[in-house]
Amino acid sequence: MGEIKHALFAAGAEAKYDEKAKRLLGNKTILAHILVRTVDEFQGMEPEEVESFIEGEPLISVVPIDQGLTNMVDRKSVGGGKSAYDEKPVNSRSSGQRIIGMNTESTEIGEGLVRFDIIFYVRMPSAGGRTDGVSQMIVNLEAQKDIPSGYHLMNRAVYYVCRMVSSQKERDFVGMNYDDIKRVFSIWIYLGMKENVLNHVHMTEDHLLGVYHSEAGLDLLNIVLIGLAEQCPDKDRKGYELHRLLNTLLSVELSAAQKVKIMETEYHIKINDRMREDVSEMCNLGQGVFEAGEARGIALGEARGEARGVAKSEERIILSMREKGYPLEQIAAVMEKTVEEVEAVIEKSVKKTLAW
């Protein structure tokens, strides 16, 4: 029973951790840094300038993926107010109107509810580095802890970009106006890879017989894979700036203060109170998942009769969680003890410290 409780606690903490991670990645400043290093049109620009091209507020875990759902407006999912997209279908020749109407939920047979992690519109810069307010692209950002074992990652990514295109009909273009299809990017961040990776997958054209150059379309579908190695790249390593930023942001080893310092000093990111709070909470939740995992291991050990040395491990985890600010009730629930028992362990440790 103890194993189940620890597993449930870890699952709950992990879900909250994922939510905070998506919210941080969905911050316009972070998205701008990603766009500068993954989209040709933004390369060489300052992230602060690119940030102003991102329309409205990115939608996080609210837009359905499957057919018939992506274009539905779910007011509950966007807090009952206006999202970054317009409520009505956009006329194929409308200029500069923000597109709204994306919802982020989709029901897949056998998979339940499927959502885009983060999705948003970006106005495209012209040759002079400015935007005309008309040209736009749609960007989807997905964050995954590991490479899936049940299917090939690229197949899922292809499905996502295809849905991002097909769902534009009657929203971004109408009837047969296929030249109004907006370019789409699906960017996938994967942790724990053997080495840092940055791949761009897109359509190409092979001339098998004769020569006919397609006038457009080859740049519409884009998949970017950002693989993060466990070891964070050194700050002076050229070409790895994006990987260092994302590794810093998603690390479970760095403290909130360390993350904030790197973002402020190396990337000149202005950290507001909301972002600082999200970084702090994500760090605490990441540690909570680790602590709950250790506690689960202890429960398994007890079930197998490996009681020797368990008491000291339990004491260490209780003291560690308390030091990180976890309330007594939460520690007691994880450790399957009463609040009084947890207090006794803490009091015993205090007395031992004073004796020294």
Side-chain angles (χ1 to χ4, degrees), residues 18 21-22 24-27 29-45 47 50 53-54 58 60 65 114-122 124-125 136-167 181-207 214 216-251 266-267:
D18 290 345
K22 289 177 187 178
L24 281 171
L25 289 171
N27 185 287
T29 302
I30 302 299
L31 292 174
H33 277 270
I34 294 173
L35 292 175
V36 164
R37 291 169 175 84
T38 56
V39 180
D40 289 344
E41 285 83 349
F42 295 116
Q43 287 184 15
M45 295 177 64
V50 175
F53 290 176
I54 298 174
I60 302 174
I65 294 173
V114 179
R115 299 181 176 95
F116 288 112
D117 277 0
I118 301 166
I119 192 164
F120 56 98
Y121 282 81
V122 182
M124 300 301 296
Q136 295 167 311
M137 61 183 284
I138 306 174
V139 180
N140 157 235
L141 182 67
E142 300 289 323
Q144 303 289 321
K145 289 185 288 296
D146 46 37
I147 298 292
S149 58
Y151 55 86
H152 292 292
L153 163 65
M154 197 52 58
N155 289 344
R156 181 178 176 184
V158 168
Y159 174 68
Y160 275 46
V161 291
C162 289
R163 281 297 301 134
M164 290 165 69
V165 169
S166 65
S167 66
I181 295 176
K182 299 187 184 300
R183 194 179 181 201
V184 300
F185 270 79
S186 188
I187 303 173
W188 294 72
I189 301 172
Y190 270 87
L191 284 70
M193 297 192 74
K194 293 181 180 179
E195 61 180 323
N196 290 300
V197 172
L198 181 59
N199 288 352
H200 179 202
V201 179
H202 50 97
M203 291 192 293
T204 186
E205 184 177 38
D206 295 325
H207 299 143
S214 301
L218 292 180
D219 66 341
L220 288 180
L221 305 181
N222 298 273
I223 298 169
V224 175
L225 173 62
I226 304 172
L228 302 180
E230 292 184 8
Q231 186 68 32
C232 185
D234 295 332
K235 66 177 181 179
D236 298 325
R237 194 172 183 188
K238 294 293 184 182
Y240 288 80
E241 295 84 1
L242 177 58
H243 289 77
R244 179 171 172 80
L245 173 60
L246 295 176
N247 209 311
T248 295
L249 196 66
L250 301 173
S251 171
E266 295 182 24
Y267 297 91

> Could you tell me which non-hydrogen atom of R244 sits nearest to which non-hydrogen atom of P233, and how far apart they are?
NH1-O, 2.7 Å
> So which heavy atom on P58 is nearest to which on G26, and how close?
CG-O, 3.6 Å
> Working to the nearest 0.5 angstrom, can you tell me the gap between W188 CH2 and M154 CE?
9.5 Å
> Under 6.0 Å from the CG atom of D234, do we count more than 12 heavy atoms belonging to anything else shown?
no
> Please name the pair of heavy atoms, one in V161 and one in S186, separated by the smallest distance, quoted to 0.1 Å.
CG1-CB, 3.4 Å
> May I have the step-by-step check of side chain to side chain donor-acceptor pair (under 3.5 Å) for R156 and Y160, ending in yes or no?
CA-CA 6 Å; R156 181 178 176 184; Y160 275 46; 2.9 Å; yes
> Once rounded to the nearest 0.5 Å, what's the spacing between atom CG of L25 and atom CG of L141?
5.5 Å
> With V184, which of L220, N140, L221 fulfils side chain to side chain contact (heavy atoms under 4.5 Å, CB included)?
L221
> Flag the pair E41 / F53 as yes when at least one side-chain heavy-atom distance between them is below 4.5 Å, and no otherwise.
no
> Looking at CG of L246 and CG of L191, how far apart are the two atoms once the value is rounded to the nearest 0.5 Å?
9.0 Å
> May I ask you to decide if A143's main-chain N or O and D117's side chain share a donor-acceptor pair within less than 3.5 Å?
yes
> Just how far is it from atom CD1 of I189 to atom CG of L242, taken to the nearest 0.5 Å?
7.5 Å
> Any side-chain to backbone donor/acceptor pair from N222 onto D219? Under 3.5 Å, distance only.
yes
> Could you give the distance from CD1 (I119) to CD1 (I60), rounded to the nearest 0.5 Å?
12.0 Å
> Within the 4.5 Å heavy-atom criterion, are F42 and R37 side-chain neighbours or not?
no
> Walk me through it: do V165 and I181 pass the test side-chain contact (heavy atoms from CB on, under 4.5 Å)?
CA-CA 7 Å; V165 169; I181 295 176; 3.9 Å; yes
> What heavy-atom pair brings Y121 and I138 nearest, and what distance separates the two atoms?
CE2-CG1, 3.4 Å
> Ignoring hydrogens, what is the shortest heavy-atom contact between C232 and N247? Give both atom names and the distance.
CA-ND2, 3.7 Å
> With side chain to side chain contact (heavy atoms under 4.5 Å, CB included) as the test, pick out the partner of P47 among T29, V36, L31, L35.
V36
> With distance as the sole test, does E241 use its side chain to make a donor-acceptor pair with the main-chain N or O of G239 at under 3.5 Å?
yes
> If we only count heavy atoms from C-beta on, is the H243 to L198 side-chain gap below 4.5 Å?
yes
> What closest approach, in Å, do V50 and M45 show between heavy atoms, and which atom pair accounts for it?
CG2-CB, 3.9 Å
> Within a strict 4.5 Å, meaning less than it, do heavy atoms of the I187 and I226 side chains meet?
yes
> Once rounded to the nearest 0.5 Å, what's the spacing between atom CZ of F185 and atom CE of M137?
4.5 Å
> Within a reach of under 6.0 Å around CD of E205, are more than 12 heavy atoms found that belong to other residues, nucleotides or ligands?
yes
> Does atom CD of E266 have more than 12 heavy-atom neighbours from other groups under 6.0 Å away?
yes
> Under the rule for ring-ring contact (aromatic ring centres under 6.0 Å, His included), what residues qualify as partners of H207, not counting sequence neighbours?
H213
